[in-house]
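For reference, the structure discussed in these notes is given below.
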Amino acid sequence: MSELENRRERLEFNKLQKRLRRNVGRAIADFNMIEEGDKIMVCLSGGKDSYAMLDILLNLQRTAPVRFELVAVNMDQKQPGFPEHVLPEYLQSLGVPYHIVEKDTYSVVKEVVPEGKTTCGLCSRLRRGTLYGFAEEIGATKVALGHHKDDIVETLFLNMFYGGRLKAMPPKLRADDGRNIVIRPLAYCREQDIEQFAAIKQFPIIPCNLCGSQENLQRQAIKQMLRDWDQKFPGRSENIFAALTRVSPSQLADRDLYDFESLELDRTTPAAGARGEHAIQRQVHSWIPDGEEESVAEPPRYIEALNL
């Protein structure tokens, strides 16, 4: 490879890395994910997303406006053939504090779920419960998961198509029992960027042999649908994600969310004129390392359906 090609590759990688760091910094600032003195339990599965999340958080930790601690945690679910040495060796090379939590959820899943059925739901619930308990045990104030923007959009459609609910994955969540706060620092990052980043960084990826080998999973069908949409209509997934941040409860049909029954006429004030457009600039530069603020992507253009 020529010196010119090497320079071009380095330039492209730097752009990619800056884009990912910038998106993570914005998500952290927008949702106040990390606060002074936090102890962040970074959940590592051995997949590209969690590796990228840890790498970016380690870099941001050096320049962040607040002090926080990172501790990596992997859950060994006792899957046959799981390479137990990979993550400890990788984390030791980084000098990152870590824990390996051993819990045989594999046997439980295989015993409960019929052959050929999707194991992901039960597997994730068992894993989540164990990790939540361990977060309390080590005094972690936040639990960081590696879900990205595409995961969030896919979950929205999974819940709509198969569950009849308008629900996705929030970038920040308090557990139902109130004992843990979950954050998703990659919420603004696209999967294709993470894939490219992981390939260049050569993370020691560990495949999921428990559920990843199952065919015709619902999530895979949704993923392919969204990829097809993005090819035919560039920016559609971005707009769908943006819709999750611009919810109008009065324009839906959830009677628990909006009081439709008590609506009354109010003609005491003059009719409103045309609405102006207002751009809101968030001050998130403190979470973005110096020199990485430039080349901010334009926000998606929306075509708003007027209520007539």
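What you see is a predicted model, and the numbers here were worked out from it, not measured in a lab. Counting begins at 1 with the first residue of the sequence.
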For Lys103 and Thr130, the nearest pair of non-hydrogen atoms, with its separation, is CG-OG1, 3.9 Å

### Query
Is the closest side-chain heavy-atom distance between Gln218 and Leu158 below 4.5 Å?
yes

Taken to the nearest 0.5 Å, the spacing of Leu244 CG from Met169 CE works out to 12.0 Å

Query raised in the report: Can we say Glu191 and Lys149 salt-bridge, meaning some charged N sits less than 4.0 Å from an Asp/Glu carboxylate O?
Result: no

Heavy-atom nearest pair, Ala27 first then Pro185, reads CB-O, 3.8 Å

Do Arg10's NZ or CZ and the ring of Phe13 fall within the cation-pi criteria of under 6.0 Å and 45°?
no

Taking atom CD of Gln202 as the centre, does the number of heavy atoms from other residues, nucleotides or ligands within less than 6.0 Å exceed 12? no

(Q) When you measure from the side chain of Ser248 to the backbone of Ser250, do you find a donor-acceptor pair of N or O atoms at a distance under 3.5 Å? (A) no

Correct closest heavy-atom pair for Phe260 and Leu252 would be CZ-O, 3.4 Å

Worksheet item: Are Val73 and Leu94 in one and the same hydrophobic cluster, where Ile, Leu, Val, Met, Phe, Trp and Tyr link if side-chain heavy atoms are under 4.5 Å apart?
Response: no

query: If two hydrophobic side chains count as joined below 4.5 Å and joins carry through other members, does Ile181 share a cluster with Leu70?
result: yes

Q) Side chains of Asp193 and Arg19: closer than 4.5 Å at any heavy-atom pair? A) yes

Does the distance from a Lys or Arg side-chain N to an Asp or Glu carboxylate O, for Asp55 and Lys201, drop under 4.0 Å? yes

Handout entry: Basic-acidic side-chain contact under 4.0 Å: Arg190, Asp230
Key = yes

Query raised in the report: Okay, side chain of Asp266, backbone of Thr268: is any donor-acceptor separation there less than 3.5 Å?
Result: yes

- [ ] Check whether any side-chain heavy atom of Pro65 lies under 4.5 Å from a side-chain heavy atom of Glu36, and answer yes or no.
- [x] no

Is it the case that Tyr98 and Gln92 place a side-chain donor and acceptor less than 3.5 Å from each other? yes

Between Pro249 and Val247 the two heavy atoms that sit nearest each other are CD-O, 3.4 Å

Exercise. Is Ser262 reaching over with its side chain to a backbone N or O of Asp259, donor-acceptor style, under 3.5 angstrom?
Worked result: no

To the nearest 0.5 Å, atom CG of Asp254 lies from atom CZ of Arg165 at 8.5 Å

In this structure, OH of Tyr51 is separated from CD1 of Ile205 (nearest 0.5 Å) by 6.0 Å

Tell me whether the count of non-hydrogen atoms from other residues, nucleotides or ligands lying under 6.0 Å of NZ in Lys223 goes above 12. yes

- Item | Minimum side-chain heavy-atom gap Lys142-Glu35 below 4.5 Å | yes

ask   = Is there a side-chain contact between Leu131 and Val143 (heavy atoms, below 4.5 Å)?
value = no

Are the side chains of Asp150 and Ile194 in touch, meaning some heavy atoms are under 4.5 Å apart?
-> no

CG (Leu54) and SG (Cys43) are apart, to the nearest 0.5 Å, by 11.0 Å

Next item on the list: Mind running side-chain contact (heavy atoms from CB on, under 4.5 Å) on Ile152 and Leu156 for me, showing each step along the way?
Entry: CA-CA 6 Å; Ile152 293 172; Leu156 171 67; over 6 Å; no

Here the pair of heavy atoms bringing Ala52 nearest to Phe203 is N-CE1, 3.9 Å

task: Consider only side-chain heavy atoms of I, L, V, M, F, W and Y, link residues closer than 4.5 Å, and tell whether Val71 and Leu145 are in one cluster.
output: yes

In one Ile/Leu/Val/Met/Phe/Trp/Tyr side-chain cluster, 4.5 Å: Leu186, Val42: yes

Are more than 12 heavy atoms from other residues, nucleotides or ligands located less than 6.0 Å from atom CG of Asp176? no

Requested in this report: Mark yes or no for whether Asp76, through its side chain, and Val101, through its backbone, hold a donor-acceptor pair below 3.5 Å.
Outcome: no

Closest non-hydrogen contact found for Asp151 with Gly146 is OD2-O, 4.3 Å

Let me see the working for Phe161 and Met225 under side-chain contact (heavy atoms from CB on, under 4.5 Å), right down to the final yes or no. CA-CA 12 Å; Phe161 289 176; Met225 178 192 77; 3.8 Å; yes

Could you give me the CA-CA distance, side-chain angles and deciding distance for Leu91 and Leu44, then say whether side-chain contact (heavy atoms from CB on, under 4.5 Å) is met? CA-CA 10 Å; Leu91 294 169; Leu44 288 183; 3.6 Å; yes

Any side-chain heavy atom of Leu57 sitting closer than 4.5 Å to one from Ile34? yes

message = If you apply the rule side-chain contact (heavy atoms from CB on, under 4.5 Å), what do you find for Met41 with Phe134, and how did you get there?
response = CA-CA 9 Å; Met41 187 175 98; Phe134 190 72; 4.1 Å; yes

Notebook entry, point to check: Hey, are Ser237 and Arg227 close enough side-chain-wise for a donor-acceptor pair under 3.5 Å?
Noted result: no

Q. Should Leu58 and Met53 be regarded as members of a common hydrophobic cluster, given that ILVMFWY residues are connected when their side-chain heavy atoms come within less than 4.5 Å of each other, either directly or indirectly?
A. yes

List the steps, then state whether ring pair (Phe, Tyr, Trp, His ring centres under 6.0 Å) holds for Tyr162 with Phe157. CA-CA 8 Å; Tyr162 303 105; Phe157 282 95; over 10 Å; no

Between Trp287 and Phe68, what is the ring plane arrangement, given parallel below 30°, perpendicular above 60°, and tilted in between?
tilted

Q.
In the structure I gave you, are the side-chain heavy atoms of Ile138 and Lys39 within less than 4.5 Å of one another anywhere?
A. yes

### Query
Do Arg21 and Asn59 have side-chain N/O donor and acceptor atoms under 3.5 Å apart?
yes

d(Ile40 CD1, Gln61 CD) to nearest 0.5 Å is 9.5 Å

Classify the side-chain pair Tyr132/Asp177 by whether it contains a donor and acceptor separated by less than 3.5 Å.
-> no

Taken to the nearest 0.5 Å, the spacing of Lys15 NZ from Leu20 CG works out to 14.5 Å

